[in-house]
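Single-structure report; data block below.
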Amino acid sequence: MAMRAAVAAAPRGFRRFFCTNTASSPFPFVPPPAAGATSARQMADPNTNLFVSGLSKRTTTERLREEFAKFGEVVHARVVTDRVSGYSKGFGFVKYATIEEAAKGIEGMDGKFLDGWVIFAEYARPRPPPGQPMQNPTPYYGGQ
DNA sequence: AGTGAGCGT
């Protein structure tokens, strides 16, 4: 179901609304998830970068910044938009000055409303740092 | 198109 996919993708906080307690499950056949599928994808290492999803299409970068700035010093904020169309993709990134501010930003904005949509704030995944030489070097021919 | 899960121009 699409709903379970949303639950699985729910970055911590909304899972309790669907799976409150396994001990009070009406079915005694509760598969133990503590075999290796504990938490790997939706949990990231705490850093100053925050991944904010569930944004409205109308939510802009400055709106995202001023909303997350209430919980800490926002160093960088960006709503990911399509390069060609320029429209928002519905998610963005917010970078705080410190990790503790990022934690307060998550606890303060995760599951909250923004422009009519419930947004999800969590730690962003580490991005492949640039430094690799140009993988597509322009062929340098002597003539034209 | 203004899609609805996700990880960046």
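What you see is a predicted model; the values in this text were computed from it and never measured. Labels below follow one simple rule: chain letters A, B, ... track the order of the sequence lines, proteins then strands, and each chain is numbered from 1.
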Upstream residue (5' side of DNA chain B) when Trp117(A) and Pro128(A) are each assigned their closest nucleotide: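 Between the two, 5'-proximity favours Trp117(A).
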If you find the nucleotide of DNA chain B closest to Asp82(A) and the one closest to Ser56(A), which residue's nucleotide is nearer the 5' end?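 Whichever sits nearer the 5' end wins; that is Ser56(A).
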Within the 4.0 Å heavy-atom criterion, would you say [X] contacts the bases, only the backbone, or no part of the nucleic acid?
X: Ile119(A); result: nothing
X: Arg78(A); result: base
X: Ser88(A); result: nothing
X: Arg58(A); result: nothing
X: Gly54(A); result: base
X: Asn49(A); result: base
X: Thr61(A); result: nothing

From [options], nucleotide with atom closest to [X] side chain:
X: Arg83(A); options: dT9(B), dC7(B), dG4(B); value: dT9(B)
X: Ala124(A); options: dT3(B), dC7(B), dT9(B); value: dC7(B)
X: Lys57(A); options: dT3(B), dC7(B), dT9(B); value: dT3(B)

Starting at [atom1] of [X] and ending at [atom2] of [N], how long is that distance when rounded to a whole Å?
X: Lys89(A); N: dA1(B); atom1: NZ; atom2: P; result: 18 Å
X: Asp115(A); N: dG4(B); atom1: CG; atom2: P; result: 19 Å
X: Phe120(A); N: dG4(B); atom1: CZ; atom2: P; result: 15 Å
X: Leu55(A); N: dA5(B); atom1: CG; atom2: P; result: 14 Å
X: Arg65(A); N: dG8(B); atom1: CZ; atom2: P; result: 20 Å
X: Phe91(A); N: dG8(B); atom1: CZ; atom2: P; result: 6 Å

Test of understanding: clusters of I, L, V, M, F, W, Y form through side-chain heavy atoms closer than 4.5 Å, transitively. Do Val74(A) and Tyr123(A) belong to the same one?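 Yes, Val74(A) and Tyr123(A) fall within the same hydrophobic cluster.
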For the side chain of Asn47(A) and the backbone of Ala124(A), is there at least one donor-acceptor N/O pair under 3.5 Å apart?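 Checked: pair present.
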Determine, for Lys104(A) against Glu100(A), whether the closest basic-nitrogen to carboxylate-oxygen distance falls under 4.0 angstrom.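 Not counted as a salt bridge, because no side-chain N and carboxylate O are separated by less than 4.0 Å.
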Quick one: is dC7(B) close enough that its OP1 or OP2 comes under 4.0 Å of any side-chain N or O from Arg125(A)?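 True: Arg125(A) side-chain N/O within range (under 4.0 Å) of dC7(B) OP1/OP2.
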Using every non-hydrogen atom in the two residues, find where Ser88(A) and Lys57(A) come nearest and quote the distance to one decimal.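 Smallest heavy-atom distance, with atoms named: CB-O, 3.6 Å.
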Just grab all the ring pair (Phe, Tyr, Trp, His ring centres under 6.0 Å) pairs involving residues 48-72 of chain A, residues at least two apart or on different chains.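 As it turns out, the ring pair (Phe, Tyr, Trp, His ring centres under 6.0 Å) pairs with a partner in residues 48-72 of chain A, which skip direct neighbours, are Phe51(A)-Phe91(A), Phe51(A)-Phe93(A).
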